[in-house]
Structure formats: C-alpha cells, structure tokens
A.B. asks: 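One structure is given below, represented as structure tokens, and several questions about it will come after.
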Amino acid sequence: YSNRKRSLVIIMAEEEEQDSTTANVTTMAEEQSSSHKTIKRFDSFDIESRTYLGHGSHGSSKVMKWSTILHLAFQSIGIVYGDIGTSPLYVYASTFPNGIKHEDDILGAFSIIFYTITLSTLVKYVFIVLRATDNGDGGTFALYSLICRYAKVGLTPSEQAEDTNISNFKLELPTKRMKLATWVKSRLEKSDISKYFLLIVTFLGTSMLIGDGIFTPCISVLSAVGGIKEAAPSMTQDKIVWFSVAILIMLFMVQRFGTDKVGYTFSPLLLLWFALISSIGLYNFIKFDWTVIRAINPAYIVTYFIRNKKDAWLSLCGTVLSITGAEALFADVGHFTVRSIRLSTCFITYPAIILAYAGQSAFLRKNPDLVSDIFFKSIPGPMYWPMFVTAILAAIIASQSLISGTFSIVQQSLSMGCFPRVKIVHTSSTHKGQVYIPEVNYLLMLACVAVTLGFKTGVQLGNAYGLAVVFVMIITSSFLVIIMTMIWKTHILLILLYIVTIGTMEFMYLTSVLYKFDQGGYLPLAFATILVTIMFVWHNVYLRKYKYESNNKVSPQMVKDIMNNIRITRMPGIALFYSELVQGIPPIFKHYVQNMPALHSTLIFVSRKSLPISKVSQEERFLFRRLEPKELNMFRCVARYGYRDSHKESEPFEKMLVEKLKEFIMIKNSEGIISSDNEDEIERIDKAFNDHGVVHLMGESQVFAGEGANLGKKILIDYAYDFLVRNLRQSSNHSFDIPHKRMVKVGMTYEL
C-alpha cells in the first residue's frame, strides 16, 4: 500500500462455516460508488491497520561495522555479565553447606557446574535462544510476541484480527515438519485455555525476571562484603549488612545516568575482574591439582549422585547459582546486538568463569575444609586486598544486568497494554533500547534493602534466588520449543534432543529448589504473585474497555447526522482526537459533541496501534482514511508502534502527522497530475496548522462494573483497577509527546 497512489486492496475473507469465498474490494482513498453495493463491504482501513510489513530494527538488514560491534561488546561486559561473573563468590559455599564428605565430590560438583554453564549459558542462550530475538529484542515478552505474530493466540485487541503473518501461508511443500507446525498452530489458535495460559506464563516469566533483579544485588553484595571477615574477624554480620545496604542504595541512585554511561564506567572494572579470577584460577589449577580437568568426564556426575543420593540432589540448589544472570544475556540483548553478546560471552566471560571454578576445585582438592570461604581463602596472600576491593565493585556491577533487563521487560509489557503506566526515559540517542524507568528503579531499591535487612545471610537468599532463576529458564525453554516447532520448523529429533538434555537438566534443578521452598524459596513466588496480579488486572480491564468502545463506536452515518446538526460550529484550526480504538470512531466523540458543539475545521481521529513487533519505521508509522463526504474535512489515522519504539520522536508528533496527511491527500491521477481540489485542501491544512495550530483532545475514561455484575468483576474493576489508576501515573501524554498548553481532556464513564 502506498499513500501516494490509489490503491486497490483485495481482501480474501475465509469463513470456516462457509464453502464459498467472497472477494471484497475497497479503496483507502474514498468510498466506493453505489454500483458496488451488491458486494459485501469490509472496512479496508480496519484491515490495513492490522497489517505491517516491517523493516526491523536491531536485527535489520543494515550491515553493522565491526568497530560498532566491538564497541557494543565492550559495553555489554559492564551491563550483562556482572551477575554470572560474580557467581564464583558463593556457588561452592552454597553447594556444600555442610562440608565436603569425599574428595571426589569436588570433581562431581565441578562437572555439574561445567556442564550446567556450557549447556545452559553457551548452548541454550548464546547459540539457540539469541536466534529467537524479535527484531533484535529479547525477553519473555519478545518470545510471546513472536509466537503471536505466527499464530492468532494473542488476547489483546490489536492481535485478535491479525491473519497476515501466519507461518502456514508460505508456499512450502507439505512435509512432516510442516504438518507438525500446522498442528501446533491450530491447537493454540482453537484453544482459549492455551491463549490464556501463554499470557499468564508470560506474566509469570516477566515477574520472575523482575524478582531476579531484586535478589541479584542482595546476594552478590552480601557475599562480596562478607569477605572482610578474612582480614577483620571481629567484623559483625550486622555491620556487613548495613554496609551492603549503603552500597545498594548508591547503585540504584546512579541508574538515572543511563545504560550507556553506566556501561562505560563498569566495563573496565568487570574486565579487570574477569582477568583476576581467570589468572588466579589458572594459578590454583596449576599449583594444587591440575587433574581436576577429569571433571569433563560426565561419569563423575553419576558417581557423585550414587555416593551422596539425596544430598547430591539438594546440592543442585547451589550449583544452579553458577548460571544466575544467564537470562540477562537474552533480556539485555536489545541494549546491544546478538553478535556483540556472542563475542563477549565466547571470548571473555565463558573462559574466565570456567578457569575460576577449575582453580577453586583444584584448591579444594587439597583444602576441603575451607569450602565455606573458598573464594577468599583461595586467593594468594598479596592479592587479597586488590581482589577484595575488586570483588565489591564487581558485586555492584552484578546487579546492573538484571536492573537493565527489568527496565527492558517493563517497557515491553507496558507497550503491549499489560503493565500500568510508568515513565520511560530513553537514555541514549544512538541505541533506542537503552531505557530508565524511575518508578521501577526506586521500587527495586526498596525491595532490595528490605530483603537484605530481612535475610542478612546468603544461605536463604540462595534458596530464594535459585527458584527465580530456574522458573525463568523453564519458561524460556517452553516458549522456545513452541518457536522451534511452529516457526523455525526444526527437525523433531533436534527438538527432542533439546528437551532430553537441557529440558531434563532444568527439571532436575526445579525439583531441587522447590524442596527448599520453606527456606526462602517462597519469596520469589510471593513477589511474582503480586506482579502477575497487577498485570492481569490491568490487562483484563484494558481488554474490557477496548471491547466496550468497539461495541459502542460511532457509525459513519451517525457522524454525518452529527455534522449536519445546525448546532455544530466549525472553527479554524486542526484538532487531533486521541483514542485506542482502531476499528472505528470512539463513543467519547459523540459525548464530546453533545457537551461542546464546536469542532475545528480539520478533525483527525488518531488511534495508537501496538503491533506485536519491536519496531516500526517512521515511513510506515501512519495510515489514513478520509471520512466521507469530503466536505467534512475529517480523517481517521492509525499511528503504529512496536513495543520498543520511543514515542519521543526526533520532531514533534503533530508535525509528522500533518506532513503524512498531506502526502495522503496528494493523490495523483493516471497522468501524474495533482488535482486542484487536492492542492486547495493541502493549502487549507497548511494555513490551519501555521496560523491556528493544533489542539489535542485526549479521551479519558472512568470505568465501573455494570449493573448485575458478579462479585469478582466488581472487585476487579471497582477496587483493584481503581486502586492502580488512583496511585499510578495518568495517561495525559503517555503515548505521544503532547504539549500540555494545547491539550484538552474529554472524560466519559464506561459501564463494563
């Protein structure tokens, strides 16, 4: 479709109950003549507003220079890897809380850690999951939106009618893989339970990842600061806790400077950290017992479980902490690129961490009684103070990966209508994925301080942390299997191989961390329950409001009747009437005219459309349609955004919209000549814009449960949703950069 040409849109509507297919023809420029009345009409604007042939963003076809990739790889070290990089501080201490009973238990534990990091971090996330980015963006919502684009499983209004991006409409020969993809897609689309389940699981994964952002700072900082006991045994635990709290508060205070500045500050420090732990690990590996390399043989895992039975199974609660932060590789990829993340993981992070654990394992072979303080005990004497200072700095950095990931997923869920309104601050003009959310930042800070003061030690924190990590990993794997089957059409044997290896490993970890549910594991589920409830309430009422507007929208005939009313006065200027309704004119317009019988000479109904993709280019941002008759000077416009798009454009929104409207009006005839009527209309719009400006009419709705609503609906709408609305940010200029001086709010009550 091109706004510059008359375009014929052929819409093929397939009905399951009908044997015949009806072709419906409309134009975007004007209503069809009466000769077409025998054809069943569809509003082409509604269809077009759901269709997007995107260009992508991070993952676009543009060739990125190696200098830029290396630059982003350097930045990613300070943002992404702090969590997984500081895991050697506490993994062995959490794995053997009651000491080491057999010297070969060290080989068994090291073998588990080695294969856990290799399979989960390197194979799963770096080489498989990063392929499933949504135009360069990662996280649970990115996986969910990717599935929604290939199957009609979304519950949000913007996704219910999408039927153009389905994978099965490609010209492919019917192979067994194609049949399996078709079967999975059909099952998901036909089952309402599956649709709700996918959405709730997405909420749960998002909530658990936010929970990671709470536990990571607590356990990392507490473990690092606790190392002071090696030099000052008289240091009490209470002093360590309060010192940790002070560090955490300082960390959250610097978030407002943005990922870009924080990354440049932290990356050199974390590079130093990786250099130190890998060199000390190599030193201990050579000095104490280089034969720990035998742990590459997975047979030591089998003998470890045979020898220790239940204790070996419970020790998985400790070894799983070796991959804390692995999800950040995927959640934070939108801040960088896939290639930069892969480079920094394969050539810096992975080798350094493996060397660190190898060195600790070699040290423990000779000193098994020092396992509770293995990290600082294994440091050569002259290196203690440099490592202590670096460890504290690295622990501070460790929190950054999940904090950045939390900002990213909150922004995604907000754009999909699944999270209450919060302020999004874009901290980089170069990389649009780098954002800061003040409200979320301060809530995370308060939660971290409360958890640190409440638990005081890393043992119970480890139990809570492990549960959050494993839940997120399993949710990611579940979505990934759907994507491999339905979208990638991966061979069934490869899918089974993934389930048998990585899936089995994650299931074993889940059973282990659930066993310690009452020892701290309940906390992430408590946090997740609160967040899922908030997201469900907000999204559910969002759907109800949209359906109410859709069922009560103003018909074209009613618009003509309103405008023919002699009481209506037209005044010079342009008015933009905002609403979220895409498929028509919102009922709030009728309410406005009844109470304010005056309209501007040019009226544009603007609808914000969230597409299940990350980015929409500015060239494809707007879709227009004229409301007939032409003399009304009324238009409908859909502004399409992805969940990663910034609404703070390089130029004012109203200016971009008016320019695109003039392009839409500038329709040439078959000889390439612009009609005089269109030229006059463009001149009138220019005059109205330059002389009288633009007024922004914002539709604001207050909702309450309708008469006869059951108790559950009344609690949901009248109490839960009302509480969120009253205590969170209002939507006056949430979607667009609207000047307050030229904004008018129009209120209406919806009975849902």
Side-chain angles (χ1 to χ4, degrees), residues 82-91 93-94 97 207-230 232 235-255 262 266 317-318 320-321 324-325 328 372-373 375-376 388-407 439-469 513 516-531:
D83 189 9
I84 194 172
T86 54
S87 60
L89 282 168
Y90 45 78
V91 167
S94 300
S207 303
M208 283 292 184
L209 193 56
I210 294 174
D212 283 357
I214 296 173
F215 296 115
T216 297
C218 302
I219 192 171
S220 299
V221 174
L222 269 176
S223 300
V225 175
I228 193 64
K229 289 183 177 180
E230 183 71 17
M235 178 71 71
T236 65
Q237 187 64 28
D238 286 340
K239 291 181 179 179
I240 291 174
V241 169
W242 283 108
F243 188 47
S244 301
V245 168
I247 292 176
L248 290 172
I249 293 175
M250 179 192 68
L251 170 67
F252 284 100
M253 288 293 105
V254 302
Q255 293 300 315
V262 172
F266 286 170
C317 294
V320 73
L321 299 180
T324 56
S372 60
D373 297 308
F375 182 81
F376 289 102
F388 174 71
V389 174
T390 310
I392 292 179
L393 295 175
I396 295 173
I397 299 168
S399 312
Q400 185 61 50
S401 60
L402 271 302
I403 294 173
S404 301
T406 298
F407 293 157
E439 293 97 329
V440 174
N441 184 64
Y442 292 123
L443 287 175
L444 284 177
M445 181 182 71
L446 293 175
C448 284
V449 170
V451 168
T452 304
L453 292 175
F455 282 88
K456 294 186 177 181
T457 63
V459 177
Q460 284 188 313
L461 270 175
N463 297 333
Y465 195 14
L467 186 63
V469 170
V513 296
K516 295 189 176 182
F517 179 82
D518 60 337
Q519 302 175 33
Y522 60 86
L523 195 59
L525 285 180
F527 279 129
T529 300
I530 295 173
L531 287 171

A.B. asks: Test I247 against every option in T452, L393, V221 by the side-chain contact (heavy atoms from CB on, under 4.5 Å) rule and name the one that passes.
C.D. replies: V221

A.B. asks: If a pair satisfies salt bridge (Lys or Arg N to Asp or Glu O under 4.0 Å) and one of its residues is in residues 390-399, list it, with sequence neighbours excluded.
C.D. replies: none

A.B. asks: Could you check if a side-chain atom of S223 sits within less than 4.5 angstrom of a side-chain atom of F375, using non-hydrogen atoms only?
C.D. replies: no

A.B. asks: For G318 and V91, which heavy atoms make the closest approach, and how far apart are they?
C.D. replies: O-CG1, 3.7 Å

A.B. asks: Checking L453 now: which residues fulfil side-chain contact (heavy atoms from CB on, under 4.5 Å) with it, not counting sequence neighbours?
C.D. replies: V241, W242, V245, V449

A.B. asks: Name all residues meeting the side-chain contact (heavy atoms from CB on, under 4.5 Å) criterion together with I240; count only those two or more places apart in sequence or in a different chain, and write none if there are none.
C.D. replies: L222, V225, I228, K229, M235, Q237, S244

A.B. asks: Where the side chain of T86 meets the backbone of D83, is there a donor-acceptor pair that is under 3.5 Å apart?
C.D. replies: yes

A.B. asks: Quick check: do I210 and F527 have side-chain heavy atoms less than 4.5 Å from each other?
C.D. replies: no

A.B. asks: Where do K516 and C317 come nearest, in terms of heavy atoms and distance?
C.D. replies: CD-SG, 3.8 Å

A.B. asks: Please determine whether side chain to side chain contact (heavy atoms under 4.5 Å, CB included) holds for the pair V469 and M208, giving the CA-CA distance in whole Å, both sets of side-chain angles, and the decisive distance to 0.1 Å.
C.D. replies: CA-CA 8 Å; V469 170; M208 283 292 184; over 6 Å; no

A.B. asks: Could I get the full list of ring-ring contact (aromatic ring centres under 6.0 Å, His included) partners for Y90, not counting sequence neighbours?
C.D. replies: none

A.B. asks: Run the numbers on F376 and F388 for side chain to side chain contact (heavy atoms under 4.5 Å, CB included), then give the verdict.
C.D. replies: CA-CA 8 Å; F376 289 102; F388 174 71; 4.0 Å; yes

A.B. asks: With sequence neighbours excluded, tell me which residues meet side-chain contact (heavy atoms from CB on, under 4.5 Å) with A93.
C.D. replies: none

A.B. asks: Can you tell if the side chain of F215 reaches within under 4.5 Å of the side chain of L523, non-hydrogen atoms only?
C.D. replies: yes

A.B. asks: Which residues satisfy the side-chain contact (heavy atoms from CB on, under 4.5 Å) test with A224, sequence neighbours excluded?
C.D. replies: L89, A391, I392, A395

A.B. asks: Look up atom CG in L248 and atom CG in L446, then write down how far apart they are to the nearest 0.5 Å.
C.D. replies: 11.5 Å

A.B. asks: About how many Å separate CZ of F252 and CG of L443, when rounded to the nearest 0.5 Å?
C.D. replies: 10.5 Å

